[in-house]
Number of protein chains: 2
Amino acid sequence: MQESGRGLTRSLSVTDWLKEHIISGSLLPGERLQEVRLSETLGVSRTPVRAALQSLAAAGLVDYAPNRGYAVRDFPISELIDAYEIRSALEGLGARFAAERGLDAEQQAALEGALALGDDLLSRAANLGAEFFVEFREVNVVFHDTVLEASRNRMLGEMIRMSYEKPRVSNRNIVAVDVREIERRHEEHHRIYESIMAREPGRAESIMREHVASVKVAMVRSLRTKGAAAVQGGAA
Amino acid sequence: MQESGRGLTRSLSVTDWLKEHIISGSLLPGERLQEVRLSETLGVSRTPVRAALQSLAAAGLVDYAPNRGYAVRDFPISELIDAYEIRSALEGLGARFAAERGLDAEQQAALEGALALGDDLLSRAANLGAEFFVEFREVNVVFHDTVLEASRNRMLGEMIRMSYEKPRVSNRNIVAVDVREIERRHEEHHRIYESIMAREPGRAESIMREHVASVKVAMVRSLRTKGAAAVQGGAA
DNA sequence: TCAACAAACTTTGTATACATTTGAGCCGGT
DNA sequence: ACCGGCTCAAATGTATACAAAGTTTGTTGA
């Protein structure tokens with residue numbers, strides 16, 4: 001990772017490195033994060049390592065005890081489920097705000113683009129193989145990020161991002177069960193968009209909330225069946 | 001603050017000091033937080049100051065730009081309102097979880113104690129002066145903290161605490177309009193407790209959500225009328 | 001054998017020196 | 001007067017040395 005920090009500081013690079021390895025699971029829950037060990041591994045001094053650990057502790061990704069150091073936080077499955085529940089409430093709120101405040105031209109275009117691309121992908125789903133899932137994931141990310149942006153609420157964004165930053169709880173990660181389920185979820189995207197455009201905050205909120213919550217169910221199911229074998233791509 | 005760090009590290013003391021001064025408003029929004037200046041003011045080296053700033057940046061209380069340093073984050077009134085909206089959604093969710101999972105004996109006792117004490121205070125409200133508000137604030141804190149604890153959801157707790165940590169958005173701070181309003185809110189506390197005991201998650205959530213949202217309205221009103229003259233004590 | 005104490009070792013906390021970046025002010029050219 | 005680049009001061013980023021706290025280990029006494 002010596003040169004991975006391109007324009008920014010080593011502290012930020014180390015922070016990213018740790019985040020990635022924690023979220024991806026290559027650093028195991030409970031594992032101690034010793035400063036010297038990490039600094040040797042990453043080829044930097046203790047200072048940026050400490051900076052990163054302090055940030056991550058404040059963000060809730062690692063545990064900290066004074067004079068005893070840091071450890072990868074353990075995320076019991078029950079907490080991942082809770083995180084989804086929270087995300088569902090918060091994204092619902094985001095949709096509400098978006099509907100209350102309306103979309104600017106750019107946001108409207110982004111949403112319509114995502115919807116159209118999703119329609120197109122679904123109509124050709126049979127022909128595309130695994131590529132379908134990868135592309136659809138992008139559609140999904142754009143849709144949710146744009147709604148969030150349209151809520152014009154910085155704090156909400158921070159909190160949702162916080163709930164993303166857990167193993168397996170992200171709109172980038174999870175849960176393609178089958179094409180029909182994705183189809184259904186994309187249909188919900190349409191309904192969310194319509195209710196935002198119609199300026200119906202309550203409806204936008206409840207659809208979005210249910211939309212995200214349904215992914216929670218799918219995640220739980222997939223955790224039950226195959227352990228942690230999360231399929232890449234999907235909708236949420 | 002030289003000796004204010006009681007058993008803990010200087011970094012934590014500095015963090016607390018900054019938090020307090022930011023939330024209380026004695027450090028103004030936009031104000032730059034220069035490391036040497038702070039370290040001289042607090043009588044420590046730059047190291048713990050940097051640690052504190054990094055934590056607070058991750059927690060969202062200060063802004064950070066690489067190579068340019070830290071500044072007290074500006075919280076426009078609109079964002080305080082948003083924070084209340086979020087808090088209302090999250091505390092509602094907390095009440096839902098509490099109702100789903102039930103109370104242990106200790107939590108039940110704490111809630112019943114808070115309710116009984118609140119009833120008692122209200123019945124004697126006329127006789128007590130300003131003391132009434134101070135005591136009632138404590139009742140309010142206990143009630144909300146206990147419900148949150150009963151939700152058994154660490155992440156939820158973190159997020160709600162995050163929304164507390166803004167100027168003027170706390171269950172410790174705000175908005176006593178008159179005794180009748182407090183009476184009404186305490187009545188809501190009773191109904192929330194009952195719906196949790198009855199294991200009715202949906203009802204607990206919606207009452208709590210509305211309960212907190214009504215405080216938002218009161219806060220907005222008080223901001224409109226007297227600027228920032230928040231009365232100490234109150235219910236939320 | 002076991003408990004308790006103490007010393008050595010490990011790890012984190014703090015201070016400080018040095019490196020790098022930023023931004024301001026100055027200066028000369030046009 | 002304006003623009004561009006240069007120089008230099010000031011602030012942040014990084015490394016390292018030292019201090020303090022915690023943990024382990026080993027010895028001693030019953």
Side-chain angles (χ1 to χ4, degrees), chain A residues 1-22 27-74, chain B residues 1-22 27-74:
Chain A
M1 85 133 245
Q2 193 66 291
E3 81 298 351
S4 84
R6 299 177 319 289
L8 303 167
T9 68
R10 300 200 211 304
S11 300
L12 296 174
S13 302
V14 175
T15 305
D16 288 345
W17 188 91
L18 283 169
K19 243 188 219 169
E20 224 181 285
H21 282 74
I22 292 172
L27 286 170
L28 294 133
E31 188 171 341
R32 287 195 61 191
L33 298 169
Q34 298 186 128
E35 300 170 3
V36 285
R37 209 173 95 64
L38 284 172
S39 65
E40 280 162 9
T41 302
L42 300 178
V44 299
S45 80
R46 278 178 60 209
T47 306
V49 172
R50 281 178 66 78
L53 289 171
Q54 276 146 0
S55 293
L56 293 177
L61 239 92
V62 306
D63 286 318
Y64 166 73
N67 291 313
R68 289 230 227 95
Y70 302 84
V72 177
R73 178 163 159 189
D74 180 52
Chain B
M1 86 134 243
Q2 193 66 292
E3 83 297 352
S4 84
R6 297 174 318 287
L8 304 166
T9 69
R10 300 201 213 307
S11 301
L12 296 174
S13 301
V14 175
T15 305
D16 287 345
W17 187 92
L18 283 169
K19 243 188 219 170
E20 225 180 285
H21 283 74
I22 291 172
L27 286 170
L28 294 132
E31 188 171 339
R32 286 196 62 190
L33 298 168
Q34 297 185 126
E35 300 170 3
V36 286
R37 208 172 95 62
L38 284 172
S39 65
E40 280 161 10
T41 302
L42 300 178
V44 298
S45 80
R46 277 178 61 208
T47 306
V49 172
R50 281 179 65 78
L53 290 171
Q54 277 146 0
S55 292
L56 293 177
L61 236 87
V62 305
D63 285 319
Y64 167 72
N67 290 313
R68 287 227 226 93
Y70 302 83
V72 178
R73 177 163 159 188
D74 180 53

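The chains referred to below are lettered A, B, ... by the order of the sequence lines, with proteins before strands, and numbering in each begins at 1. Remember, it's a predicted structure, so these values are computed and weren't measured experimentally. The figures that follow rest on heavy atoms only: side chains count, while hydrogens, waters and symmetry mates do not.
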Kindly say if A:Arg46 contacts the phosphate of C:dT14, meaning a side-chain N or O under 4.0 Å from OP1 or OP2. no
C:dT12 phosphate, OP1 or OP2: any side-chain N/O from B:Thr9 under 4.0 angstrom? no
Please report, rounded to the nearest Å, how far the P atom of C:dT22 is from the OH atom of B:Tyr64. 11 Å
Distance below 4.0 Å between A:Thr47 side-chain N/O and D:dT16 OP1 or OP2: no
Just the rounded figure in Å: distance from P of D:dA10 to CG of B:Leu38. 18 Å
Between A:Arg50 and A:Glu35 (side chain of the first, backbone of the second, donor and acceptor by atom type, cut-off under 3.5 Å), is there such a pair? no
For the pair made of CG in A:Asn67 and C1' in D:dA21, what is the distance, rounded to whole Å? 5 Å
Mapping A:Ser45 and B:Glu35 onto DNA chain D by nearest heavy atom, which one lands closer to the 5' end? B:Glu35
Rounded distance in Å - OH (B:Tyr70) to P (D:dG13): 6 Å
Does B:Arg32 reach a base, just sugar-phosphate, or nothing at all? Heavy atoms under 4.0 Å. sugar-phosphate
Rounded distance (Å) that lies between atom C1' of D:dT14 and atom CG of A:Leu12: 13 Å
Quick check: does any side chain N or O of B:Glu40 sit under 3.5 Å from a backbone N or O of B:Arg37, one acting as donor and the other as acceptor? no
Could you go through the side chain to side chain contact (heavy atoms under 4.5 Å, CB included) check for B:Tyr70 and B:Gln54 one step at a time? CA-CA 9 Å; B:Tyr70 302 83; B:Gln54 277 146 0; 3.3 Å; yes
Nucleotide D:dA11, atom C1' - distance to CD of B:Glu40 in whole Å: 13 Å
Tell me: CD of A:Gln34 to P of D:dT23, nearest whole Å? 12 Å
Considering the options B:Val72, B:Leu38, B:Leu61, which one meets the side-chain contact (heavy atoms from CB on, under 4.5 Å) requirement together with B:Leu18? B:Leu38
More than 12 heavy atoms of other residues, nucleotides or ligands under 6.0 Å from CD of B:Glu31: is that the case? yes
State which of D:dT14, C:dG13, C:dT14 makes the closest approach to the side chain of B:Pro48. C:dT14
Over all strands shown, is A:Arg68 touching base, sugar-phosphate only, or nothing at heavy-atom distances under 4.0 angstrom? sugar-phosphate
Roughly, in whole Å, what's the span from CG in B:Leu53 to C1' in D:dT12? 11 Å
